[in-house]
Amino acid sequence: MQSTSFLTEIGLSHYLVLSALLFVMGVATVLLRRNLIVILMGVELMLNAVNISFIAFSKYNDRVEGQLMVFFVMTIAAAEAAVGLAIAVSIFKRFKEVNIRFFEHLKG
Amino acid sequence: MADVIVFWFLALVTVGSGLAVVLLPNPIYCALCLAMTMVGVSALFVTLGAYFIAGVQLIVYAGAVLVLFTMVLMLFDLKSETNAFSRGVITGAIKVACAGVLSGLIAGAIVMTLGQRSSVVSPLAEKSAIDSTKALGKLLFQENVFAFEALGVLLLVIAVGTVSLARSKGGTHAKH
């Protein structure tokens, strides 16, 4: 009976686990990929995962503040994507490549 | 019953396309799969009753941000994309293992914590789209209006900064 109630009753924990899975996929993208733009996509994936948990808590605690926070997070994520892509364009103009294995000037 | 099926379908779509973002070597396909993830997340927001946020998610993420990503990808000539993944099998395995341990920790913590406070899990009364959007608008424009204005200033700064950054000639690494 445990397994069927897990499948048929969607609660807060389902959304939170889904959010955790998406967050970890974003982390894996940032860690594993070498293309700067794909790394930025991983950051966006992490921000979206956090948004899901904000909205889920907002629904299950019946408060609107979570949606407000998601609004702010979205705006700042859009700004961050714009700046990151501008940095990518700037890097591409210098190195003709957006693969991070060429950016080793900061290596000690 | 319908909402259960919708949730599992959306979970499948978001997790599948999220995995595709990690695994596909071609960045264009990554961007398209990320767009699919954003659409799935937006539909999840609808199932959670956040209708306005779902619309904003579609417009801002699936519309603006992903188009920006795809345009920048098209701008670069990435046909010769090699080494999409970081080198080293051992470090790669360690990274994947760390990601797996992190997801297991988070999921375990969530399930164990929510088992103790079961009152949170019970769904609350449905609100109409107009009511929830009205409440969000009141909160945004009455109680948090200064934060909203600060966001406007931030966006102005970001617009100017992005243009100047994309026009810069290499900064400290400029060729003389």
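Residue numbers begin at 1 in each chain, while the letters A, B, ... track the order of the sequences. Note that the coordinates shown come from a computational prediction; the quantities given were computed from them, not determined experimentally.
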Using a cut-off of under 4.5 Å for heavy-atom pairs, which of [options] has the most such pairs with chain B?
| options | result |
| --- | --- |
| Ile52(A), Ile91(A), Leu68(A) | Leu68(A) |
| Ala79(A), Ala56(A), Ala78(A) | Ala79(A) |
| Val27(A), Val30(A), Leu16(A) | Leu16(A) |
| Ile87(A), Val24(A), Val89(A), Val70(A) | Val24(A) |
| Ala81(A), Ala82(A), Gly26(A) | Ala82(A) |
| Leu85(A), Leu40(A), Leu45(A) | Leu85(A) |

Just by modelled atom types, is the [Y] backbone N or O under 3.5 Å from a matching donor or acceptor in the [X] side chain?
| X | Y | value |
| --- | --- | --- |
| Asn26(B) | Ile28(B) | yes |
| Ser58(A) | Val64(A) | no |
| Ser164(B) | Gly161(B) | yes |

Answer with yes or no whether the hydrophobic clustering places [X] together with [Y]; edges join I, L, V, M, F, W, Y residues whose side-chain heavy atoms lie under 4.5 Å apart.
| X | Y | result |
| --- | --- | --- |
| Ile59(B) | Leu48(B) | no |
| Val46(B) | Leu12(B) | no |
| Leu68(B) | Met71(B) | no |

**Request:** Kindly assign one of parallel, tilted or perpendicular to the pair Phe141(B) and Phe148(B), based on the angle between their ring planes and the thresholds 30° and 60°.
**Result:** perpendicular
**Message:** Which atoms of Glu80(A) are under 4.5 Å from chain B, going by heavy atoms: the side chain, the backbone, both sets, or neither?
**Reply:** neither
**Request:** Examine whether an atom of Leu31(A) lies under 4.5 Å from a heavy atom of chain B, and if so say whether it belongs to the side chain, the backbone or both; otherwise answer neither.
**Result:** both
Who wins among [options] for the most heavy-atom pairs under 4.5 Å with chain A?
| options | value |
| --- | --- |
| Ile106(B), Asp3(B), Leu151(B) | Leu151(B) |
| Ala31(B), Gly92(B), Ala64(B) | Ala31(B) |
| Gly100(B), Cys30(B), Cys98(B) | Cys30(B) |
| Val15(B), Ile5(B), Val56(B) | Val15(B) |

**Message:** Using the rule side chain to side chain contact (heavy atoms under 4.5 Å, CB included), only one of Val60(B), Leu32(B), Leu34(B), Val39(B) pairs with Leu66(B); which is it?
**Reply:** Leu34(B)
**Prompt:** Looking just at side-chain N and O atoms, do Thr37(B) and Thr14(B) make a donor-acceptor pair shorter than 3.5 Å?
**Reply:** no
**Asked** Listed by residue number, which members of residues 153-160 of chain B have a heavy atom under 4.5 Å from any heavy atom of chain A?
**Response** Leu154(B), Leu155(B), Ile158(B)
**Item:** Within-4.5 Å side-chain heavy-atom neighbours: Phe45(B) and Asn51(A)
**Value:** yes
**Stepwise ring-ring contact (aromatic ring centres under 6.0 Å, His included) check, Tyr15(A) with Phe7(B)** = CA-CA 9 Å; Tyr15(A) 286 100; Phe7(B) 173 80; 4.8 Å; yes
**Request:** Measure distances from Leu23(B) to the heavy atoms of chain A and classify the residue's part below 4.5 Å as side chain, backbone, both or neither.
**Result:** backbone
**Request:** Please identify each residue that fulfils side-chain hydrogen bond (donor to acceptor under 3.5 Å, both in side chains) with Asn48(A), with sequence neighbours left out.
**Result:** Gln57(B)
